[in-house]
Protein chains: 2
Amino acid sequence: MDAKAIKRSFDGSGFRCTPQRYAVMAFLMEHNSHPTAAEIFKAVNRVDPHSSRATTYNNLRDLVQAGLVREVAVEGRAARFDAKGMRHHHFICDRCGNVEDLEWYDVPRPATRSLGKRMLRECELIFRGLCTKCAPRRTSR
Amino acid sequence: MDAKAIKRSFDGSGFRCTPQRYAVMAFLMEHNSHPTAAEIFKAVNRVDPHSSRATTYNNLRDLVQAGLVREVAVEGRAARFDAKGMRHHHFICDRCGNVEDLEWYDVPRPATRSLGKRMLRECELIFRGLCTKCAPRRTSR
DNA sequence: TTAAAAATTTAGACTATGTCTAATGTTAGA
DNA sequence: TCTAACATTAGACATAGTCTAAATTTTTAA
Ligand SMILES: [Mn+2]
Ligand SMILES: [Mn+2]
Ligand SMILES: [Zn+2]
Ligand SMILES: [Zn+2]
């Protein structure tokens, strides 16, 4: 898809555009399913068959640090990843742990007073409940 | 502190009030530091010296399920726990991973349209940035 | 062009966190 | 008191993620 854009974003962060790194980023941009590191590792190696587990994890860590990828921690499950495209919120399913995008809207910031000397970087709004797949079977019990 | 209240909340959830379970809950109510399971295990065994690791984890899982305790997932770190007292938001430090309470205020719900068939249970607002301890040293570099 | 330096990848050992099992102990209620 | 349900335990196991040291690739500079 947007090969040029990916390369440019790597340059901007001081990363070399290696096949392994590129594959991770491209996969994340083509899928909005919030895959886990293990899923990304597997998917990448199905196509471009050479990326080690360590490299996949290293690249994910670097991309998160550089702000190109978002990491979503889900209680009791592996972390999920997300290419940072348009701003959006997340809905996390109580039952299956899936992470889904919800359209973005502005979040009110806390009172300056209550923040004290903390340096606020972002406000993240997370919705929880049952996803479309899980809602029916859970209510009928 | 509120031994009676703890016992009552256990009854309400169908739990027996065992020493191990009580110790976990009491520790969480006396500390607002969002300890990890490992920290709770250690603390509990310093005083009432008998609770296995499995029991600590089991009880935490059960208390979370019953809605008496909240679990906070932090990317790249162990989960943290929190007795659900007054409603509040959380501030998570980018650098040290500490979780701090911030005073509660109402969060706007998403549009019904964008939720589709999902069943919304709660909206969680998480603030990220640098805590009071970490803010100074990070800006002066 | 070539040599040295820097960045990256790799396999697999290792660590951290959490779950499961099967045996044992405890409690509530008939 | 007896019994069934509930709870605890040790330690094996599983999963997710990190680290190390060597090899490879790319960049820089001579
Ligand atoms: Mn997303
Ligand atoms: Mn809290
Ligand atoms: Zn679901
Ligand atoms: Zn901090």
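Just so it is clear: chains get the letters A, B, ... in the order the sequence lines come, proteins before strands, and each one is counted from 1.
A straight line from CZ of Phe41(B) to C1' of dA10(D) spans 11 Å, rounded to a whole angstrom. We find that CZ of Arg77(A) is positioned 14 Å from P of dT15(D), with the value rounded to whole Å. Between Asn58(B) atom CG and dG11(D) atom P there is a gap of 17 Å when expressed in whole angstrom units. Rounded to whole angstrom, the span from the CD atom of Gln20(A) across to the P atom of dT24(D) amounts to 14 Å. With rounding to whole Å, Leu60(A) atom CG is found 13 Å from dA16(D) atom C1'. The distance from atom CG of Asp11(B) to atom C1' of dC6(D) is 14 Å, rounded to the nearest whole Å. Rounding to whole angstrom units, NE2 of residue His50(B) and P of dA10(D) are separated by 9 Å. Between the CZ atom of Arg16(A) and the C1' atom of dT25(D) there is a distance of 7 Å, rounded to whole Å.
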task: Would you sort out whether Glu100(A) and Lys133(A) count as a salt bridge (charged side-chain N to carboxylate O under 4.0 Å, His left out), showing the intermediate values?
output: CA-CA 12 Å; Glu100(A) 299 174 346; Lys133(A) 256 195 263 171; over 6 Å; no

field: Test salt bridge (charged side-chain N to carboxylate O under 4.0 Å, His left out) applied to Glu75(A) and Arg128(A), step by step
entry: CA-CA 12 Å; Glu75(A) 343 72 80; Arg128(A) 296 176 183 280; 3.1 Å; yes

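Comparing Ala37(B) and Asp62(A) against DNA chain C, the residue whose closest nucleotide sits nearer the 5' end is Asp62(A). Residue whose closest nucleotide on DNA chain C sits further toward the 5' end, between Ala54(A) and Glu71(B): Ala54(A). Taking for each of Thr56(B) and Pro19(A) the nucleotide of DNA chain D with the nearest heavy atom, the 5'-most of the two is the partner of Thr56(B). Checking Thr18(B) against Arg61(A), the closest nucleotide of DNA chain D that is more toward the 5' end is the one next to Thr18(B).
Residue-level contact check: Ala38(A) touches neither bases nor backbone, having no heavy atom under 4.0 Å from any strand. In this structure, Ala78(B) reaches the sugar-phosphate backbone alone: every heavy-atom distance under 4.0 Å involves primed, P, OP1 or OP2 atoms, never a base. No contact: Thr36(A) has no heavy atom under 4.0 Å from any strand.
Geometrically, Arg70(B) does not engage Phe81(B) in a cation-pi contact, judged by NZ or CZ lying under 6.0 Å from the ring centre and within 45° of the ring axis.
Of the options Leu68(A), Asn58(A), Leu28(A), a side chain to side chain contact (heavy atoms under 4.5 Å, CB included) to Leu63(A) is made by Leu68(A) and by none of the others.
Taking the 5' to 3' direction, DNA chain C first and last meets chain B under 4.0 angstrom from a heavy atom at dT17(C) to dT27(C).
With sequence neighbours left out, Phe27(A) forms a ring pair (Phe, Tyr, Trp, His ring centres under 6.0 Å) with His31(A). Residues that satisfy the ring pair (Phe, Tyr, Trp, His ring centres under 6.0 Å) test with His90(B), not counting sequence neighbours, are His34(B), His88(B).
Under 4.0 Å is where a charged nitrogen must lie from a carboxylate oxygen, and between Arg80(A) and Glu71(A) no such pair does.
For Arg21(B), a side-chain nitrogen or oxygen approaches OP1 or OP2 of dA7(D) to under 4.0 Å. Remark: Thr55(B) is in phosphate contact with dT9(D), judged by side-chain N or O atoms under 4.0 Å from OP1 or OP2.
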